[in-house]
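Throughout, numbering of the chain's residues begins at 1 and tracks the sequence. None of the values given here were measured: they were computed from a predicted structure.
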Amino acid sequence: LSFQQWAQEIRKVSDAFGFDQADVAKATYEALSNQVARGAESFKFLEESAQFARVAVTTLKNSQDLLSSAINGFGLSTTETGRIAAEFFKTIDLGRVKAEEMANTFGRVAPLAKGLSVSFEDVLATIATLTIQGNKFSDVQTLLTNVLTKLLKPTAEMKALLASWGTPTGEAAISTFGFVGVLTKLQEATRGSTSELAGLFDEIRALKGAGGLTQALGDFSKNKKDIEESSQAYENAIVIANESAGRKIRDEWNKITNFF
């Protein structure tokens with residue numbers, strides 16, 4: 001793309017979504033430097049980021065940081081940005097968490113989760129389930145990390161349990177049964193007993209995370225299903241956000257500012 005084309009696309013996004021041109025230009029640079037998108041692709045990603053920022057009531061930077069961390073962390077494609085945004089939106093709706101809370105640190109748990117075949121939606125359902133129980137997002141990240149670590153490096157009791165399932169490792173168990181399947185089998189094996197669960201997760205944060213999930217399996221499963229089927233709810237939210245009278249006034253004022 002030529003410099004003029006870059007300038008035109010930046011102006012286009014700024015006009016459409018009401019963000020300052022300087023912020024859009026900076027976001028474009030960040031998208032390229034983070035290797036989320038290349039060339040013309042970066043503007044489609046930017047449009048999706050701007051739309052999510054508007055719906056989630058957050059900054060363009062927070063929106064882009066959050067979406068790019070999911071794409072990079074889980075090896076997703078920029079063509080999936082709309083779906084990713086919809087699923088983040090539903091997570092925010094279901095849980096007690098904001099986009100800005102997740103923006104800078106969401107990617108920390110992604111490599112471990114992806115390595116254990118824990119899906120993006122599994123992580124989002126965990127966030128929704130545990131934050132609604134009163135945990136802060138930063139704590140949820142720690143709890144989930146410790147649960148996954150204990151599945152990766154199991155105690156002697158956990159190894160025996162995994163072997164009884166016909167899966168010698170935590171990774172094999174998740175690959176075979178799925179994350180929700182493993183949680184279900186853990187709940188069945190311990191019969192909801194915290195003391196029995198403690199033998200499998202001998203670290204307090206792992207125990208708290210596993211307990212919070214196994215004791216709320218119904219909520220976790222429903223949250224995951226709602227997150228996976230979030231596209232229509234997100235589309236409805238987009239319509240509401242775009243039709244706001246205050247938003248229309250700000251958009252028009254931004255266009256006038258860009259013109260002069």
Side-chain angles (χ1 to χ4, degrees), residues 27 30 34 36 48-49 51-76 80-81 83-116 118-152 174 179-180 182-183 201 203-228 230 233-234 237 241:
E30 291 291 338
N34 289 338
V36 178
E48 296 283 6
S49 298
Q51 187 66 80
F52 177 67
R54 174 177 283 187
V55 173
V57 193
T58 191
T59 66
L60 182 57
K61 183 181 187 312
N62 284 336
S63 174
Q64 182 180 272
D65 285 347
L66 183 55
L67 296 173
S68 62
S69 66
I71 290 169
N72 287 335
F74 284 92
L76 303 174
E80 301 175 86
T81 304
R83 175 183 65 81
I84 295 165
E87 293 186 351
F88 270 126
F89 167 75
K90 194 60 181 178
T91 302
I92 293 167
D93 181 47
L94 292 169
R96 290 178 183 168
V97 63
K98 297 179 180 179
E100 52 263 35
E101 293 177 77
M102 296 187 283
N104 292 325
T105 60
F106 179 82
R108 291 180 184 175
V109 75
L112 180 59
K114 184 174 183 293
L116 282 169
V118 175
S119 71
F120 173 57
E121 290 76 17
D122 286 326
V123 172
L124 294 185
T126 297
I127 293 169
T129 302
L130 294 183
T131 57
I132 206 67
Q133 292 176 11
N135 298 292
K136 294 187 296 184
F137 169 72
S138 57
D139 293 334
V140 171
Q141 288 274 82
T142 301
L143 297 178
L144 179 57
T145 297
N146 281 272
V147 169
L148 298 181
T149 300
K150 283 300 176 181
L151 288 171
L152 187 63
I174 294 172
F179 188 52
V180 68
V182 168
L183 293 175
F201 294 93
E203 197 277 332
I204 188 63
R205 288 168 295 187
L207 176 60
K208 183 178 179 181
L213 292 173
T214 57
Q215 291 170 18
L217 272 176
D219 292 338
F220 179 91
S221 297
K222 183 180 184 302
N223 286 339
K224 184 178 178 183
K225 184 175 184 293
D226 288 347
I227 288 166
E228 290 173 334
S230 57
Y234 185 56

Identify the two heavy atoms, one from [X] and one from [Y], that lie closest to each other, and give their separation to 0.1 Å.
X    : Y    : value
L94  : A128 : CB-CB, 4.0 Å
K114 : G75  : CE-N, 4.0 Å
V55  : A241 : CG2-CB, 4.3 Å
G212 : Q133 : O-NE2, 2.9 Å
S221 : V180 : OG-CG2, 3.6 Å
A110 : G73  : CB-CA, 3.6 Å

Do the side chains of E121 and R83 get close enough for a salt bridge, i.e. N-O under 4.0 angstrom?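 Between R83 and E121 there is a salt bridge, with a charged N closer than 4.0 Å to a carboxylate O.
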Measure from the side-chain N and O atoms of [X] to the backbone N and O of [Y], and report whether any donor-acceptor pair falls under 3.5 Å.
X    : Y    : value
N146 : T142 : yes
S69  : L66  : yes
S49  : S63  : no
E203 : K150 : no

So, using side chain to side chain contact (heavy atoms under 4.5 Å, CB included) as the criterion, who are the partners of K98 when residues are at least two apart?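 By the side chain to side chain contact (heavy atoms under 4.5 Å, CB included) rule, K98 matches E100, E101.
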Suppose we screen for side chain to side chain contact (heavy atoms under 4.5 Å, CB included). Which residues come up paired with K222, at least two apart in sequence or across chains?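 Listed in chain order: D226.
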Hey, could you give me the [atom1]/[atom2] distance between [X] and [Y], rounded to the nearest 0.5 Å?
X    : Y    : atom1 : atom2 : result
L183 : Q215 : CG    : CD    : 12.0 Å
L213 : L143 : CG    : CG    : 8.5 Å
F201 : L151 : CZ    : CG    : 4.5 Å
K61  : N104 : NZ    : CG    : 5.5 Å
T58  : I92  : OG1   : CD1   : 8.0 Å
D122 : I174 : CG    : CD1   : 8.5 Å

Hey, are the side chains of [X] and [Y] touching, using non-hydrogen atoms and a 4.5 Å cut-off?
X    : Y    : answer
R108 : T145 : no
I227 : T91  : yes
F52  : E48  : no
F106 : L124 : yes
M102 : I127 : yes
I84  : F74  : no
L112 : L152 : yes

Apply side chain to side chain contact (heavy atoms under 4.5 Å, CB included) to the pair V123 and V118, showing each step before the final yes or no. CA-CA 7 Å; V123 172; V118 175; 4.1 Å; yes
Below 30° counts as parallel, above 60° as perpendicular, anything between as tilted: where do the rings of F220 and F179 land?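 Answer is perpendicular, since the angle exceeds 60°.
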Go through the steps to decide whether F88 and Y234 satisfy the test ring-ring contact (aromatic ring centres under 6.0 Å, His included), and finish with yes or no. CA-CA 10 Å; F88 270 126; Y234 185 56; over 10 Å; no
Using only heavy-atom distances, determine whether the side chains of T129 and N223 contain a donor-acceptor pair under 3.5 Å.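 Result is yes, a qualifying pair exists.
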